[in-house]
Number of protein chains: 2
Amino acid sequence: MLTPTAATASSAVTSSARSSRRASPLRASGRSAARCSSCSMRQLCMPQGLSSDELPKLEALICTARSVQRGEALYRSGDRFDNLYAVRSGSMKTVMAHRDGREQVTGLRLAGEALGLDGISEDAHACSAVALEDSTVCIIPYTALQTLCREISSMQERLHKLMGEQIIREAAQMMVLGSLSADERVAAFLLDVSERHAQRGYSSAEFNLRMTREDMGSYLGMTLETVSRTLSRFQKRGLIDTQGKHIRIVDLEGLRQV
Amino acid sequence: MLTPTAATASSAVTSSARSSRRASPLRASGRSAARCSSCSMRQLCMPQGLSSDELPKLEALICTARSVQRGEALYRSGDRFDNLYAVRSGSMKTVMAHRDGREQVTGLRLAGEALGLDGISEDAHACSAVALEDSTVCIIPYTALQTLCREISSMQERLHKLMGEQIIREAAQMMVLGSLSADERVAAFLLDVSERHAQRGYSSAEFNLRMTREDMGSYLGMTLETVSRTLSRFQKRGLIDTQGKHIRIVDLEGLRQV
DNA sequence: CGAGTCATTGAACGCAGTCAAAGCACGTGG
DNA sequence: CCACGTGCTTTGACTGCGTTCAATGACTCG
């Protein structure tokens, strides 16, 4: 993994200062204009199946990285949509808000996963993306990506699949929220995260879930207390082993059968 | 509206007969190879903003229509993905199933709306699309559409927005399922349907909802009894007027404030 | 060390689910 | 044309799961 680029000075940036910085991301701060060429995202967010002469075009596209502090927003609901992102390290949550102010976590993005598709249809982001821990993301300018997709069909294919995956992922989550009991929701969530860790080459049996119980509850449509109780019960049943945010899956098959 | 093209012979087509017919849609049956050129879908599923020399290309693309009987599946979960669709008349629901057999309604498509994006990421459909009433759809071959999107950027733009819209729509539904009370869910649903009717030029205050109470409940993550009770209560409060599937919104503002 | 955030656990309540029974609309066949 | 069957809807009574309220404990970071 690359070292995080240019963890910028002050830890407490005001909201207005942050949004002005976003206009010219890390690029502006000199040494932080890190090329993403050695970034592991290349295989992840981008195609399998590019010919060697096409690769440079892609590298020219994914040109900068940005670091996002824990709790900081990469983008906010309503922000103008310019870029897609790929989580390079760390993890993020996406949050959507009602007009009445109620917020709900609508997604979790682990290292290697794409982010920002919610902005495409309205030219503005529909949700906010907040770092669950100090994280870095690759920035992918959307219009440039579109141009590339017109030139390289495998690139187009990949972008469409990426969007299609999100459509399916969200539909699956609708099913979780609409049909499953509290126990089933938590089990399904743990299995989902486990599988996604495995897909990226990390341990599927043991991982840190940087979300709080409240985030999980919000994502799963239940209260933080119920999440906590459910995890405790799973532990007593010997399905998992939790110590705060560290989770180890003990009985995978048992968890599947909850 | 066009007359439905070639309402094919038998009303009770066996499942196997139906799937063999799907390979070569209505085109095979002679008089049914209806061009969609006068189809109102053209403005709906396709761009605002095509130059006049590009239009013919599009018309060549959207080449056939298909009629789907009430209760019949346009495609099923697991079917190979070849086409996108646009509902020309009638309405459809999308249904997803767990491995354990439980099914849930994941979407409602009214006339003028797009269908089938769930197939893109896996080359196979992730859910089934079932007609809520006798309906017709336009068929849009996906690979041809992709090619066109590489030639015409406004077409690409439109397809991406279409996918982006579905991403946002589903995220919003996740919020409905995760955060709202039964009353709020039903109110939100009615308002959503009303608004979508309005967008397509139909009455926003009065419409037929061809879903059953069970479908609605499934979509909203509640039981059919609760849906029914909620609608009854809304009626007593003077918010709506229901007679079975016919729904009239009496107090729009009141419904918004539920 | 103290303040704040996060997690856990308990007790009581309430919303929506479940079970059950009518009622209604529609189409089909006698 | 009516009788009947089927599928959908409505309404009631009771139950139970998950929420709410509350208190305590654990961990982190100035």
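The chains referred to below are lettered A, B, ... by the order of the sequence lines, with proteins before strands, and numbering in each begins at 1. Basis for what follows: all heavy atoms, side chains included, without hydrogens, waters or symmetry-related copies.
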Under the 3.5 Å rule, do the base of [N] and the side chain of [X] count as making a donor-acceptor pair?
X	N	value
A:R185	D:dG18	no
B:R213	D:dT11	no
B:Q243	C:dC24	no
B:R233	D:dT10	no

Send over the distance from [X] [atom1] to [N] [atom2], rounded to a whole Å.
X	N	atom1	atom2	value
A:R210	C:dA7	CZ	C1'	17 Å
A:N208	D:dT28	CG	P	11 Å
B:E214	D:dT9	CD	P	9 Å
A:L231	C:dT9	CG	C1'	14 Å
B:Q235	D:dT10	CD	P	9 Å
B:R229	C:dC19	CZ	C1'	11 Å
A:E184	D:dC17	CD	C1'	13 Å
B:M222	D:dG18	CE	P	17 Å

Worksheet item: When all nucleic acid strands are considered with a 4.0 Å heavy-atom cut-off, which category describes A:G221: base, sugar-phosphate, or nothing?
Response: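 Sugar-phosphate only.
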Item to complete: Under 4.0 Å between any heavy atoms, over every strand shown, what does A:G217 touch: base, sugar-phosphate, or nothing? Just pick one.
Response: nothing
Worksheet item: Can you tell me if the side-chain N/O atoms of A:T223 get under 4.0 Å from OP1 or OP2 in D:dG18?
Response: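 For A:T223, the contact criterion (side-chain N or O under 4.0 Å from OP1 or OP2 of D:dG18) is not met.
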Worksheet item: Should A:S232 be listed as having a side-chain N or O under 4.0 Å from OP1 or OP2 of C:dT8?
Response: no
Can you identify which nucleotide, out of [options], has its nearest atom closest to the [X] side chain?
X	options	result
B:A182	D:dT11, D:dG18, C:dA16	C:dA16
B:S228	C:dC6, D:dT9, C:dT9	D:dT9
A:K245	C:dT18, C:dA7, D:dT19	C:dA7
B:E225	D:dT19, C:dG17, C:dC19	C:dC19
A:R70	D:dG12, C:dC6, C:dT9	C:dC6

Worksheet item: Hey, which of these two, B:L224 or A:D183, hits DNA chain D nearer its 5' end, going by closest nucleotide?
Response: B:L224
Worksheet item: Would you say the side chain of A:I168 lies within less than 4.5 Å of the side chain of B:E170, judging by non-hydrogen atoms?
Response: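 Counting from C-beta outward, B:E170 and A:I168 never come under 4.5 Å.
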Discussion item. With a 4.5 Å cut-off on side-chain heavy atoms, are B:L209 and B:F189 touching?
Written reply: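 Side chain of B:F189 against side chain of B:L209, heavy atoms only: contact under 4.5 Å found.
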Item to complete: Look at the side chain of B:D118 and the backbone N and O of B:A126, then say whether any donor-acceptor pair between them is shorter than 3.5 Å.
Response: yes
Worksheet item: Between A:E184 (side chain) and A:S181 (backbone), is there a donor-acceptor pair under 3.5 Å?
Response: yes
Worksheet item: Does a salt bridge link A:R210 with A:D215, judged by any charged N lying under 4.0 Å from a carboxylate O?
Response: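 No, A:R210 and A:D215 are not salt-bridged.
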Item to complete: Please lay out, stage by stage, how B:S218 and B:Q104 fare under the test side-chain hydrogen bond (donor to acceptor under 3.5 Å, both in side chains).
Response: CA-CA 5 Å; B:S218 174; B:Q104 183 175 334; 5.4 Å; no
